[in-house]
Amino acid sequence: MKKRLYTFALLLLFLIPNIAHAITVEEVKAKGDYQSKNSVYGRNNLSQKELHEVALAVTNFYNTFISPEMDEMERFEAASKYLIENTTYAPTWKKNKANTAWGSLVYGQAQCSGYARGFKALCDAIDIPCHYVHAKGGKYPSHQWTMVLLQGEWYHYDPQLPFLMSDDDMASQGMAWDRKALPKTGPVEGAKPSHKKPEKEISIFIQGQKIHSDVPPIIKDGRTLVPIRVISENLGYTVEWYGDTKMILISKENYFGITEKALMMFVEKKECLDLNINIMNRYFPKNKSIQLSSQEETKATKLLVETSKIYSLDVTPKLINDRTMVPLRAIAELFGNEVGWDGENRHVFIQ
């Protein structure tokens with residue numbers, strides 16, 4: 001059954017109109033300079049196509065790892081961790097655009113310039129003021145890094161290293177830079193530290209009972225996202241996750257184990273399929289095995305897609321810190337539940 005559903009998911013990615021559509025530059029929520037030929041992310045070394053690929057990479061980072069309740073330091077740490085975990089040091093800057101943001105964020109290999117430019121792109125997306133810095137003389141005249149403004153203070157930050165540094169720290173390492181063109185480290189006169197007022201944690205009540213979750217729900221684009229486990233453990237639905245295709249199958253069975261309702265969705269895709277249960281149970285039953293040839297399976301999948309309803313979600317399912325988060329209201333309402341929201345107390349009610 002697992003193998004069949006995996007094949008089923010692959011087929012759906014090709015059969016459902018637009019379900020595998022690429023994010024366009026117009027859909028990029030992350031801020032940044034992706035149109036200028038002289039963009040700091042590549043400095044004349046990237047084509048418009050490659051800048052577009054950087055934009056997609058930054059958008060995927062933003063959608064996956066950044067949430068509205070994160071404060072300035074949390075966003076900075078998320079960007080730093082992302083770059084360190086997804087980029088390795090390139091043996092040469094002359095290949096694979098290793099001296100650009102494309103090298104670090106798309107190809108996954110970079111030298112110091114690529115790390116710095118890639119980190120600058122991430123910071124621009126998450127509203128962290130950031131300067132790209134090229135050494136000027138000193139012991140390491142070719143080295144490149146960044147400067148960031150965090151909580152009202154400027155710091156040097158080399159994305160290959162895990163700590164913030166002052167002007168004196170950098171100078172003691174033999175670094176020199178254009179001090180006239182760049183700010184001094186330390187507090188900015190008149191700047192107010194960006195401390196976000198903590199909000200109440202979102203609470204979920206199902207049939208009057210408060211639900212506890214090891215990962216708190218979050219608000220994304222005005223919608224409440226919850227871990228898949230909340231759905232499976234508290235609403236009585238069966239949830240199946242297929243990591244290779246990032247497919248989520250949520251279903252509800254009757255007393256006899258026959259599927260009564262099934263929804264299929266994909267991480268970062270707006271399309272949600274309300275599957276035709278008659279076709280689903282006939283060709284893809286959960287409680288028994290049916291032998292279908294490859295050709296028969298393709299025909300059955302096409303029939304299922306053609307006869308199922310496709311809804312557009314207000315907010316897509318997301319992977320956040322290795323947890324799959326799904327839109328609670330959309331799922332609950334499609335399964336026939338009533339959903340209420342108390343904004344003042346941040347309570348979600350499901351009946």
Side-chain angles (χ1 to χ4, degrees), residues 2-24 27-30 53 55-70 75 78-79 81-82 85-86 105-106 108 122 125-126 202 213-233 235 237-251 262-275 301 304-305 308-335:
K2 284 274 186 181
K3 183 179 179 182
R4 175 162 294 173
L5 277 173
Y6 173 73
T7 305
F8 178 49
L10 290 177
L11 288 167
L12 282 173
L13 284 171
F14 290 98
L15 292 172
I16 301 171
N18 299 322
I19 198 163
H21 75 278
I23 302 171
T24 65
E27 293 177 288
V28 174
K29 294 182 180 179
E53 290 171 343
L56 298 186
V58 171
T59 299
N60 287 331
F61 156 75
Y62 185 93
N63 288 339
T64 304
F65 295 101
I66 303 301
S67 55
E69 69 275 7
M70 295 173 76
R75 298 196 305 274
K81 181 180 179 182
Y82 178 82
E85 292 184 350
N86 292 279
L105 298 176
V106 179
L122 296 179
I126 58 177
I202 299 169
S213 172
D214 59 337
V215 177
I218 65 168
I219 299 291
K220 193 79 171 176
D221 296 334
R223 294 288 183 258
T224 303
L225 297 178
V226 298
I228 285 182
R229 183 177 295 179
V230 169
I231 299 292
S232 59
E233 291 183 352
L235 289 174
Y237 308 152
T238 299
V239 176
E240 296 172 71
W241 164 251
Y242 299 86
D244 289 342
T245 55
K246 295 184 179 179
M247 181 191 86
I248 306 157
L249 180 65
I250 304 174
S251 60
L263 301 177
M264 177 172 284
M265 55 191 72
F266 295 82
V267 170
E268 297 300 342
K269 306 297 178 188
K270 285 191 173 183
E271 292 80 2
C272 172
L273 272 78
D274 187 353
L275 298 174
T301 303
L304 181 61
V305 172
S308 295
K309 296 178 181 178
I310 300 179
Y311 295 95
S312 180
L313 300 171
D314 290 335
V315 60
T316 63
K318 299 185 182 299
L319 281 175
I320 299 176
N321 295 331
D322 296 324
R323 295 300 184 102
T324 304
M325 309 288 283
V326 293
L328 178 60
R329 177 182 287 272
I331 294 171
E333 289 184 344
L334 285 171
F335 273 97

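Worth knowing before you read on, the calculation uses all heavy atoms, side chains too, and leaves out hydrogens, waters and symmetry mates.
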Checking Tyr237 now: which residues fulfil side-chain hydrogen bond (donor to acceptor under 3.5 Å, both in side chains) with it, not counting sequence neighbours? Asn337

Measuring from atom CD1 of Ile202 to atom OG1 of Thr224, what distance do you get when rounded to the nearest 0.5 angstrom? 4.5 Å

Distance (rounded to the nearest 0.5 Å) between Trp241 CH2 and Met247 CE: 9.5 Å

Considering only heavy atoms from C-beta outward, does the side chain of Glu271 approach that of Tyr311 to under 4.5 Å? no

Validation row: Leu225, Leu328 side chains within 4.5 angstrom (heavy atoms): no

Taking every heavy atom of Ser308 against every heavy atom of Leu275, the minimum-distance pair comes out as OG-CA, 3.3 Å

For the atom pair CG (Leu334) and NZ (Lys309), what is the distance rounded to the nearest 0.5 Å? 9.5 Å

Where is the tightest heavy-atom contact between Phe65 and Ala78, given as atom of each residue plus distance? O-CB, 4.4 Å

So, for Phe61 and Ala79, which heavy atoms are closest and what is the spacing to 0.1 Å? CZ-CA, 3.6 Å

Distance col, row Ile66:CD1 vs Leu122:CG, nearest 0.5 angstrom, shows 8.5 Å

With sequence neighbours excluded, tell me which residues meet side-chain hydrogen bond (donor to acceptor under 3.5 Å, both in side chains) with Asn86. none

What I'd like to find out is whether the side chain of Asp274 reaches to under 4.5 Å of the side chain of Leu263, using heavy atoms alone. yes

For Thr316, all residues meeting side chain to side chain contact (heavy atoms under 4.5 Å, CB included), sequence neighbours excluded: Glu268, Lys270, Lys318

Please report the interatomic distance CZ(Arg329) to CG(Leu313), rounded to the nearest 0.5 Å. 13.5 Å

Rounded to the nearest 0.5 Å, what's the gap from OG1 on Thr64 to CE on Met325? Could you check? 12.5 Å

Which atom of Cys272 lies closest to which atom of Met265, heavy atoms considered: SG-CE, 3.6 Å

Chi angles and distances behind the side chain to side chain contact (heavy atoms under 4.5 Å, CB included) call for Val239, Leu249: CA-CA 6 Å; Val239 176; Leu249 180 65; over 6 Å; no

Can you name the closest pair of heavy atoms from Ala57 and Tyr82 and give their distance? O-OH, 4.3 Å

Which heavy atom of Ile126 sits nearest a heavy atom of Tyr62, and at what distance? CG2-CD1, 4.0 Å

